[in-house]
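Report on one structure; see the data block that follows.
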Amino acid sequence: IAIVIKKFVHFFAYLGGFIMSRLKEIRENRGFSQGDLARKTGIMQATISKYESGYCKISEENMIKLIKALETNADYFLGLIDHEEEKETK
């Protein structure tokens, strides 16, 4: 996961708005509140709220925590694929 994320850190300005909506979409699809996700990741609920509303960028470390806690594909989270069930073939 870390390798994929490092490749796209320089695209944060472009991806920021997309990632915030993808984060909220995945979280809600999992039935998690922001508080639930905060407890699963150790990230403050207020910080998750800021991520989802675009007030701050997600650090690499927290992005990895979110992807793991949401049990999602990093490519889907980053918007590189359109459907969560699409998987990397490696």
Side-chain angles (χ1 to χ4, degrees):
I1 294 174
I3 293 170
V4 172
I5 292 170
K6 285 181 186 269
K7 288 181 182 180
F8 298 99
V9 168
H10 62 285
F11 290 114
F12 260 137
Y14 169 75
L15 291 175
F18 182 81
I19 290 173
M20 69 182 196
S21 62
R22 185 61 57 98
L23 169 59
K24 184 175 183 177
E25 171 196 326
I26 297 169
R27 177 183 60 76
E28 289 178 344
N29 286 343
R30 299 289 189 272
F32 295 151
S33 67
Q34 289 178 347
D36 295 333
L37 189 55
R39 284 185 288 282
K40 288 180 69 80
T41 60
I43 301 169
M44 293 177 57
Q45 183 273 328
T47 302
I48 292 172
S49 176
K50 288 177 183 178
Y51 291 158
E52 289 185 359
S53 45
Y55 286 114
C56 66
K57 295 179 183 176
I58 305 172
S59 68
E60 287 181 43
E61 179 183 342
N62 283 350
M63 190 176 298
I64 292 168
K65 289 178 183 179
L66 291 164
I67 290 168
K68 287 181 177 181
L70 292 167
E71 298 179 6
T72 192
N73 183 319
D75 287 347
Y76 180 70
F77 188 88
L78 293 168
L80 302 175
I81 58 176
D82 293 329
H83 302 287
E84 196 167 8
E85 59 273 359
E86 295 177 33
K87 301 291 180 185
E88 292 180 29
T89 54
K90 283 193 176 183

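Throughout, numbering of the chain's residues begins at 1 and tracks the sequence.
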Within this structure, what is the [atom1]-[atom2] distance for the pair [X] and [Y], rounded to the nearest 0.5 Å?
X	Y	atom1	atom2	result
Ile67	Asn62	CD1	CG	11.0 Å
Lys24	Ser21	NZ	OG	9.5 Å
Met20	Cys56	CE	SG	11.5 Å
Glu28	Leu23	CD	CG	9.5 Å
Lys50	Met44	NZ	CE	7.5 Å
Leu70	Asn29	CG	CG	10.0 Å

I want to check something: taking the side chain as every heavy atom from C-beta on, are [X] and [Y] in contact at a cut-off of under 4.5 Å?
X	Y	value
Leu78	Met63	yes
Arg30	Thr72	yes
Leu37	Ile43	no
Leu80	Asn73	no

> If you take all heavy atoms of Arg39 and Ser33, which pair is closest and at what distance?
Replying inline: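 Result for this residue pair: NH2-OG, 4.5 Å.
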> If you take all heavy atoms of Ile81 and Arg22, which pair is closest and at what distance?
Replying inline: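 Residues Ile81 and Arg22, closest heavy atoms: O-NH1, 3.6 Å.
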> With a 3.5 Å cut-off and no angle check, do the side chains of Gln34 and Tyr51 form a donor-acceptor pair?
Replying inline: no
>> Heavy-atom count check: over 12 atoms from other residues, nucleotides or ligands less than 6.0 Å from Lys65 NZ?
In response: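 More than 12 within 6.0 Å, yes.
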